[in-house]
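Please read the structure below before turning to the comments.
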Amino acid sequence: MLSSIITAGHLSRGFHRLKHLSDSSHVELLPNLHRTGVCRTVGCLYSMNARTDSWEDGLPSEFSNTPPKDARVVICGGGIMGAAVAHQLAQRGWGQHTVLIERGRIGEGNPWHFSGLLGELKPTHSQVLLAQTSLELIRDLHSKGLPTGWKQTGSLNLARTRDRMTMFRRMKSQSIAWNVECEIVSPEKCKELCPLIDTTDIVGGLWIPNDGVGNPNAFCHSLVHESLEKGLTVAENCSVTRVIQKDGRVKAVETSKGTVECVYFVNCAGFWARQVGQMSEPYVKVPLHAAEHYYLHTKPIAGLGEKIPVVRDLDGHIYFRENEGCLLAGGFEAKAKPAYEDGEIPVSTAERNLQPDWDHFHPLLEELLRRCPTLKDVPLERLSNCPEAFSPDCKWIIGEAPEIQNYLVAAGMKTVGMSAAGGVGRAIADIITQGYSTVDLHELDISRFLGLHNNRKFLRDRVREVPGLHYDLNYPFHEFRTGRNLRMSPIFPALKEAGAVFSQVMGYERPAWFDKKNATDEKGSPKFRIATTTGFGKPHWFDNVQSEYENCRERIGMSDYSTFTKIDLWSKGNEVVDLLQYLCSNDVDQPVGSIIHTGMHNRHGGYENDCSLARLSENHYMMIAPTVQQARCKAWIDRHLPPGGRVSVSDVTSMYTAICIMGPFTRIMLSELTDTDLSPKSFPFFTCKVCDLLAIDISIIELDVGLANGIRALNLTHTGELGYVLYIPNEFALHVYTKLMEAGQKYGIRHCGYYAMRTLRVEKFFAFWGQDLDTFTTPLECGRMWRVKFDKGVDFIGRDALLQQRDKGVERMYIQLLINDHDPDLDLWSWGGEPIYRDGLYCGQTTTTAYGFTFKKQICLGFVKNLHPSGRALPVTNDYVLSGDYEVEIAGIRYPAKANLHSPNLPTKYPDQEREAYKATRDKMDESNLLAYRPNK
């Protein structure tokens with residue numbers, strides 16, 4: 001093993017303020033590199049040749065190194081993220097009111113421990129915007145002559161398989177909407193762009209010319225340099241020991257050099273952010289865990305040149321780049337190795353350095369030699385093992401902590417901190433200075449996590465899987481394989497026995513579809529199976545989902561809705577009504593038993609939450625919200641609660657099992673199980689009951705009328721189908737499930753999974769928060785104007801913005817598109833994020849998509865704009881939408897599509913006028929033939 005042959009090289013750095021220096025080398029001869037089980041001999045020299053920037057003896061003397069007694073903002077962490085937040089605040093005039101606290105030295109990262117890759121094409125639009133902001137900032141500093149290490153080299157992404165090329169073509173299609181320049185290239189062009197690579201097994205590539213590389217240490221110091229000149233206070237060799245809150249808000253920060261009273265605290269502690277989160281009461285959950293991460297450095301290579309692009313061989317999980325005349329290489333192995341599993345995290349950057357494990361790195365080395373054969377003859381400098389911290393879903397962690405107001409987090413940037421820093425720094429500064437970010441951050445918001453995600457054992461298991469996602473094929477509906485079987489409804493064993501194949505959301509197991517084939521192990525016991533989608537065309541679960549869909553429309557389907565967020569709100573007086581009237585745009589002061597579908601909006605009219613409110617009594621509501629909103633929407637409510645505890649809010653998600661039964665025979669079947677009158681007159685659509693409903697077989701179990709132990713029945717399904725959702729106290733759930741299945745046999749009842757529910761709601765044109773709606777989407781844009789009650793006599797949050805938009809007109813509109821001339825068996829499918837073209841010009845993107853089994857077509861939901869040739873958005877009207885010819889581009893191929901503005905009435909053997917009268921999207925219906933197709937001109 002290499003670790004038994006060599007010792008660490010001497011690191012001799014001479015620091016001068018904001019200037020590059022090259023230092024002398026320490027050289028040793030390594031006659032052999034051994035790997036257990038495989039003998040590999042490489043003649044190489046071991047040396048150090050690094051360049052960086054800093055201050056030789058700490059901060060310049062003219063700047064303070066002691067924290068003041070009070071400030072507006074305290075930032076913990078003097079790495080690249082903390083420096084970026086401080087820089088953005090300083091640029092807005094907050095420099096004199098901001099303190100940057102660093103336990104060690106500003107930007108003291110080891111130069112052997114970063115890749116410096118800078119790319120703008122990320123998985124989602126929000127991440128692209130943040131990355132583009134970072135690149136803009138880096139180029140700006142570079143143009144001023146400040147060190148950043150910036151070099152525009154371009155990046156070349158290689159594909160070995162057809163599926164990888166399909167992914168590249170999807171990225172290329174999306175790049176038009178995201179304003180990212182890129183092109184699909186042939187293997188020959190790949191070789192031309194980088195002569196070092198072997199293209200024998202390459203089928204193509206994706207070239208991104210504006211990508212580049214940089215030096216995070218230099219960038220960090222340049223950010224701090226500009227901030228110091230605008231009044232920033234920096235305290236080095238100073239540790240945060242406690243974050244103090246009062247009445248749920250940040251009050252002060254205790255440090256090793258004294259206490260600083262402040263209004264905002266920003267946790268930019270990076271690798272240590274989880275530990276800093278535990279320095280407050282209550283703890284702030286920052287779920288991160290370290291995994292070993294490797295950087296391989298070569299000696300200088302003659303004639304290498306500076307313009308070698310960044311090369312990513314994604315199917316080999318590797319990358320390499322030029323670095324000061326050498327090659328720097330690394331990768332993201334499919335199964336990572338957790339670091340510091342005992343929870344003992346190193347206290348300083350200098351100690352964050354492990355001995356390299358050549359056994360573990362060897363698969364990546366093999367792939368590097370395969371892609372770049374000339375490396376076999378190149379002398380190596382060193383293999384560095386610098387653990388990086390990863391979040392459990394491989395995304396950045398940004399935003400205000402749900403536990404404490406004004407406590408912000410910017411962490412979990414993994415290995416791309418430089419690429420994220422500028423954009424994330426601006427987003428955090430936006431939240432502090434103006435109360436909101438100009439980029440929709442909901443997918444990255446820290447409130448997407450629950451307590452279970454911060455469990456150290458869970459994080460340890462999950463981090464084995466997460467790093468490899470960087471270069472994995474991005475197939476639809478990705479499912480993690482670690483951290484499973486955490487949250488399960490009481491009917492989970494019965495669903496597994498029925499053949500459920502599970503997906504997971506917020507730690508909850510929910511059936512994606514059902515398949516009795518191969519449902520048991522060799523002993524005949526039900527197997528736990530995880531949903532997979534391994535392609536971009538017709539999925540292997542198509543037939544299963546079709547059968548479930550048809551059952552929901554023509555017979556009875558049963559689905560487990562237990563994952564939905566469930567929150568109770570109540571008060572002694574009318575305070576809860578007043579609170580909800582202020583938070584919601586719809587009028588919630590409806591008769592007891594009503595269900596109010598409403599949005600909760602921010603000051604700009606965007607959706608912070610999209611929910612249903614069931615009024616259980618005069619001063620008691622039950623809120624049903626999307627699963628992903630469990631922590632987020634409660635935090636939003638908590639921030640607006642009246643003082644004195646006059647309104648009580650309780651998350652009851654885990655108290656109730658939710659069973660949805662849908663289909664034309666549900667009312668008949670349910671009537672056989674209860675004495676309660678379920679006729680439309682007594683129990684109309686969009687109402688709820690808390691009663692002796694489902695006092696099934698009363699000799700066995702008797703349910704009281706009430707809240708704690710009662711079953712809450714809602715006459716709606718969230719899919720537009722006839723049916724009910726039953727919220728059952730957990731202790732009665734299995735009994736109720738069994739009785740429903742027994743009674744439903746003569747009606748052809750069948751289990752149905754989430755994928756069938758998705759198809760039903762897409763066909764019915766139902767928008768879901770987090771998939772179609774976000775914090776920048778307003779009800780006027782998505783056809784829900786009729787749910788906004790401007791005249792209810794309450795100045796609800798977002799009212800002024802929505803009134804202004806109503807008068808001015810919307811600049812984008814939510815539509816449904818039916819794709820034509822598309823063969824679902826042969827052609828690639830739309831999976832969301834595809835560009836939409838109107839009369840040949842780009843106009844928008846799809847959000848949610850599905851195959852419509854009634855339409856027998858691919859269906860896309862999405863937003864379209866009316867773009868002026870200059871790129872400026874113009875008002876969008878119904879006439880504008882309906883007068884155009886549309887196409888949806890799927891992986892580079894455009895398919896004609898028919899636009900629809902209204903929730904359709906789908907043909908069925910059992911029509912129900914009550915439900916047909918309800919339109920989820922827009923309240924007036926164009927009764928023209930939905931299936932009519934007019935070819936493009």
Side-chain angles (χ1 to χ4, degrees), residues 115-123 127-128 131-132 135 151-213 304-323 327-334 364 366-375 415-416 419 468-475 535-537 828 831 833-835 889-893:
S115 64
L117 305 186
L118 296 171
E120 56 182 337
L121 191 51
K122 303 296 182 184
Q127 293 178 54
V128 167
Q132 288 174 331
L135 284 171
K151 286 190 294 187
Q152 183 174 324
T153 62
S155 66
L156 177 61
N157 302 278
L158 304 175
R160 301 184 189 181
T161 66
R162 290 182 59 188
D163 276 0
R164 182 71 67 179
M165 281 305 297
T166 296
M167 192 181 94
F168 285 171
R169 291 189 179 98
R170 288 175 54 82
M171 293 167 66
K172 166 62 178 171
S173 293
Q174 291 172 330
S175 70
I176 304 220
W178 296 349
N179 194 30
V180 176
E181 183 182 349
C182 64
E183 64 174 308
I184 300 293
V185 293
S186 66
E188 294 75 19
K189 184 64 174 178
C190 291
K191 184 72 172 180
E192 180 184 332
L193 289 166
C194 184
L196 294 176
I197 63 173
D198 178 10
T199 58
T200 304
D201 59 345
I202 296 299
V203 297
L206 181 70
W207 170 243
I208 309 174
N210 293 323
D211 284 356
V213 296
L304 184 61
E306 293 186 356
K307 289 301 182 179
I308 292 293
V310 173
V311 176
R312 297 183 183 90
D313 182 353
L314 304 178
D315 296 302
H317 292 268
I318 57 167
Y319 68 84
F320 64 85
R321 55 158 286 200
E322 182 274 337
N323 182 35
L327 279 183
L328 187 165
F332 297 92
E333 59 272 41
L364 296 180
E366 288 286 306
E367 295 295 343
L368 284 165
L369 295 174
R370 175 182 179 180
R371 186 58 49 222
C372 192
T374 56
L375 273 177
T415 64
V416 293
S419 187
L469 297 181
H470 285 79
Y471 288 176
D472 257 359
L473 267 166
N474 189 23
Y475 286 130
F536 296 101
L828 296 172
W831 294 101
E834 292 83 9
E889 182 174 307
I890 303 174
I893 300 175

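The shortest side-chain heavy-atom distance between Cys194 and Leu156 falls under the 4.5 Å cut-off. In this structure, the side chains of Val128 and Val180 come closer than 4.5 Å at one or more pairs of heavy atoms. At least one side-chain heavy atom of Thr415 sits less than 4.5 Å from a side-chain heavy atom of Phe332. Residues Arg312 and Ser155 are in side-chain contact: their nearest non-hydrogen atoms beyond the backbone lie under 4.5 Å apart. By the 4.5 Å heavy-atom criterion applied to side chains, Arg170 and Glu834 are counted as neighbours. Annotation: side chain of Leu193 is not in contact with side chain of Cys190 (no heavy-atom distance under 4.5 Å). In this structure the side chain of Ile184 reaches within 4.5 angstrom of the side chain of Leu206, judged on heavy atoms. Residues Leu473 and Thr166 have side chains not in contact (no heavy-atom distance under 4.5 Å, counting atoms from C-beta outward).
Minimum interatomic distance between Asp472 and His317 (heavy atoms only, all atoms of both residues): OD1-CE1, 3.5 Å. Counting all heavy atoms, side chain and backbone alike, Gly119 lies closest to Ser419 at O-OG, 3.1 Å. Heavy atoms only, all atoms of each residue included: Lys172 and Cys182 are closest at NZ-O, 2.7 Å. When all heavy atoms are compared, the tightest approach of Leu121 to Met171 is CD2-CE, 3.6 Å. The heavy-atom pair separating Gly316 from Glu367 by the smallest distance is O-CG, 3.5 Å. Smallest separation of non-hydrogen atoms from Thr153 and Trp207: O-CH2, 3.6 Å.
When the side-chain contact (heavy atoms from CB on, under 4.5 Å) test is applied to Arg321, the partners found at least two apart in sequence or on another chain are Leu117, Val213, Val310, Asn323, Leu328. When the side-chain hydrogen bond (donor to acceptor under 3.5 Å, both in side chains) test is applied to Arg370, the partners found at least two apart in sequence or on another chain are Asp201.
Among Arg162, Arg160, Arg371, Arg164, the single residue meeting the salt bridge (charged side-chain N to carboxylate O under 4.0 Å, His left out) criterion with Asp315 is Arg164.
Residues Lys189 and Glu183 are not paired through a salt bridge, judged by the lack of any N-O separation under 4.0 Å between the basic side chain and the carboxylate. Using a 4.0 Å cut-off between a side-chain N of Lys or Arg and a carboxylate O of Asp or Glu, Lys307 and Glu322 do not qualify as a salt bridge.
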Q: Could you walk me through whether Phe168 and Asn157 pass side chain to side chain contact (heavy atoms under 4.5 Å, CB included), step by step?
A: CA-CA 9 Å; Phe168 285 171; Asn157 302 278; 3.6 Å; yes
Q. Would Tyr475 and Asp163 count as a side chain to side chain contact (heavy atoms under 4.5 Å, CB included) if you check the C-alpha gap in whole Å, the side-chain angles of each, and the deciding distance to 0.1 Å?
A. CA-CA 9 Å; Tyr475 286 130; Asp163 276 0; 2.4 Å; yes
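Remark: side-chain polar atoms of Asp211 are paired, donor with acceptor, to backbone N or O of Glu120 under 3.5 angstrom. Between the side chain of Trp831 and the backbone N or O of Phe536 there is at least one donor-acceptor pair closer than 3.5 Å. In this structure a side-chain-to-backbone donor-acceptor pair under 3.5 Å is present from Ser173 to Gly892. Remark: the backbone N or O of Lys191 is not paired with any side-chain donor or acceptor of Thr199 at under 3.5 angstrom.
Residue Asp198 places its CG atom among more than 12 non-hydrogen atoms of other residues, nucleotides or ligands, all under 6.0 Å distant.
Under the 3.5 Å distance criterion, with hydrogens and angles disregarded, no donor-acceptor pair is assigned to the side chains of Tyr471 and Asp313.
In this structure, CD1 on Ile197 lies 4.5 Å from CG on Leu158, to the nearest 0.5 angstrom. Between atom CD1 of residue Ile318 and atom CD of residue Glu333 there is a gap of 12.5 Å, rounded to the nearest 0.5 Å.
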